[in-house]
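Below is one structure, written out as structure tokens, with a few remarks after it.
Sequential numbering from 1 along the given sequence is applied to the chain's residues. What you see is a predicted model; the values in this text were computed from it and never measured.
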Amino acid sequence: MEKIRYFDIRYVRGTITSIQTENRVIENAGSSFYGKALFRVLGENGWGYYCASSIDMNDKKMKDACIQKAAASARLAGVHAEIADIPLGSPRSWVCSAKDQAETPLEEKAAQLLLLESSAKIPGISSTSARYSEQYQDVIFEDCNGYSATSSVCRTLFTISAIANRGADMQMNYEQEAVVGPLSLKEYIPYGEKCAKRAVELLDASVVSGGRMPAVLDPAIGGVFAHEAVGHASEGDAVRDGVSVLAGKLGEQVGSSLVTIIDDPSMHGYGYEPFDAEGVSTGPTELIKSGIMHKYMHSRETLAAVGLETGDAGHARAEPGMQPLVRMSNTYIKEGDSSYDEIIAECKKGVLLIGSRGGQVDPGRGAFQFNAKYGYLIENGETTKMIRDVSLSGDILSVLHNIALCGKERKMSSGMCGKGQSVPVSDGAPHVYLTEALVGGGGSV
């Protein structure tokens, strides 16, 4: 018999409906069922795993057999693991009914998506596409100590993209909305035209001359900074493995006293989870509090490895059937007390960066580079020319120290985060003023 110090089972099942259109033609549409259970056993040394499909959680004989298979694989573990002995709490599930959405025929949803995409077909636009997805997911968790938890969550999203052409110049824009709960596509049909107009406007935008200058980040790119630069560097496994620029800095001033950054899986954003992949009930963790490195995000394993006083468990997340990893959920920069007009006026001469087209971050060195969708020059305390092909680069700690104002209003954006596995997340910020930023661009404006 294999030695078992601990085991748990996480069974995730549900349905996903997706529709894809391109140039006002439905490319594909349909629904599928998924169900995977991960049996996780902490053996004499480390972890062992066994993944099964569509199990009966009331079938004790089947579960015992799966646990033994996971225990056999744990015997091969070469990395020693411990888990923190912590209270798992009482998860507070949020009932977000999506009954009407679930009962709406697929044909009706496809027709609405085509209307949304068609609204983007304006003069100057050469190509459009749209995507819709709704997912209903049930999670059943139980462990060897008799603890159990269940949740049911619906996630819905759409994306609309438009490409504008003028000669050899091509500009693309996209708009996306992703929510926990139902989403009425009919209410978002104007987003198609909005998306297309921005793509056409980008054809006439200027390319900024790069360099160090004051900058204002809008909530989207400010949120990306919170997620990518600060969030990933605050993950307990990166801290444990010594590949985070924020490792060893608890209690230190790592940024402006205006900066508070929080990750909260219990928040009703796209990354909502009432309990994490280890069954731990979730809540907000202040990563940076008033500029001071306050806490790291942990799984039970990284909490045991790095120290109980270093942060909160409840941040382990996983795709169905996959092993838990320390991940972010809903990450944001807390609001300040400045208005948008005050921030632009204070900047005087610089750039306003809007939206995100992705980027790269190296949490170990603390370096990052994010591409904005577009932006505006700020001259004499007012926004003037539209700019494109603009990016924000730098090192995490310098940017944190350069935050001089935070706006009153925060907005969240939603998407997926990849770290070997892809999980839903959201991030956000108020408008943020940086006294100095490294702005990338190849133009002369």
Please list, one pair per line, the donor and acceptor atoms closer than 3.5 Å that link side chains of residues 396-409 to other protein atoms, with sequence neighbours excluded.
unit_1 : atom_1 : unit_2 : atom_2 : d
Ser398 : OG     : Asp395 : OD1    : 2.9
Ser398 : OG     : Asp395 : OD2    : 2.8
His401 : NE2    : Val254 : O      : 3.4
Asn402 : ND2    : Ser398 : O      : 3.2
Asn402 : ND2    : Glu436 : O      : 3.1

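- For Arg13 and Phe33, the positive end is not near the middle of the six-membered ring at less than 6.0 Å and at most 45° from its axis.
- Distance alone, capped at 3.5 Å, places no donor-acceptor pair between the Lys60 side chain and the Asp64 backbone.
- Contact check for Leu185 versus Leu113: side-chain heavy atoms found under the 4.5 Å cut-off.
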Which atom pairs, one a donor and one an acceptor, fall under 3.5 Å between side chains of residues 229-249 and the rest of the protein, sequence neighbours left out?
unit_1 : atom_1 : unit_2 : atom_2 : d
His232 : ND1    : Glu235 : OE1    : 3.3
His232 : ND1    : Glu235 : OE2    : 3.2
Ser234 : OG     : Val230 : O      : 2.8
Glu235 : OE1    : Lys419 : NZ     : 3.0
Asp237 : OD1    : Lys419 : NZ     : 3.3
Asp237 : OD2    : Lys419 : NZ     : 2.9
Ser244 : OG     : Ala233 : O      : 2.4
Ser244 : OG     : Leu246 : N      : 3.0

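- Looking only at atom types and distance, the side chain of His315 has a donor-acceptor partner in the side chain of Asp263 under 3.5 Å away.
- Put simply, the side chain of Asp218 does not reach to within 4.5 Å of the side chain of Leu353, judged on heavy atoms.
- Smallest separation of non-hydrogen atoms from Gly283 and Asp264: C-OD1, 3.4 Å.
- In this structure, the ring of Phe39 has its center no less than 6.0 angstrom from the ring center of Tyr49.
- Under a 3.5 Å cut-off, the side chain of Arg198 and the backbone N or O of Glu193 do not form any donor-acceptor pair.
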Practice task
Show the numbers, then the answer: is there a ring-ring contact (aromatic ring centres under 6.0 Å, His included) between Phe158 and Tyr188?
Solution key: CA-CA 9 Å; Phe158 80 83; Tyr188 289 94; 5.1 Å; yes
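- Glu142 and Arg10 are not joined by a salt bridge, as no carboxylate oxygen comes within less than 4.0 angstrom of a charged side-chain nitrogen.
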Donor-acceptor contacts under 3.5 Å from residues 175-182 side chains, at least two apart:
unit_1 : atom_1 : unit_2 : atom_2 : d
Gln176 : OE1    : Thr159 : OG1    : 3.0
Gln176 : NE2    : Ser414 : O      : 2.8

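- Across Ala130 and Glu117, no two heavy atoms sit closer than the pair CB-CB, 4.0 Å.
- Cation-pi geometry between Arg300 and Tyr6 is satisfied (NZ or CZ under 6.0 Å from the ring centre, within 45° of the ring normal).
- Judged by distance alone, the side chain of Ser413 and the main-chain N or O of Ala220 form no donor-acceptor pair under 3.5 Å.
- For residues 286-305, the set of pairs meeting the ring-ring contact (aromatic ring centres under 6.0 Å, His included) definition, not counting sequence neighbours, is empty.
- The list of salt bridge (Lys or Arg N to Asp or Glu O under 4.0 Å) pairs with a residue in residues 30-39, not counting sequence neighbours, is empty.
- For residues 76-100, the set of pairs meeting the ring-ring contact (aromatic ring centres under 6.0 Å, His included) definition, not counting sequence neighbours, comprises Trp94-His268, Trp94-Tyr272.
- Asp59 and Lys63 are not joined by a salt bridge, as no carboxylate oxygen comes within less than 4.0 angstrom of a charged side-chain nitrogen.
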Exercise for the section: Apply side-chain hydrogen bond (donor to acceptor under 3.5 Å, both in side chains) to the pair Glu273 and Thr282, showing each step before the final yes or no. Expected result: CA-CA 7 Å; Glu273 300 279 4; Thr282 59; over 6 Å; no
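- Asp427 contributes no side-chain N or O that, together with a main-chain N or O of Thr331, makes up a donor-acceptor pair within less than 3.5 Å.
- When each of Ile19, Thr21, Leu157 is tested with Arg131 by the rule side chain to side chain contact (heavy atoms under 4.5 Å, CB included), just one qualifies, namely Leu157.
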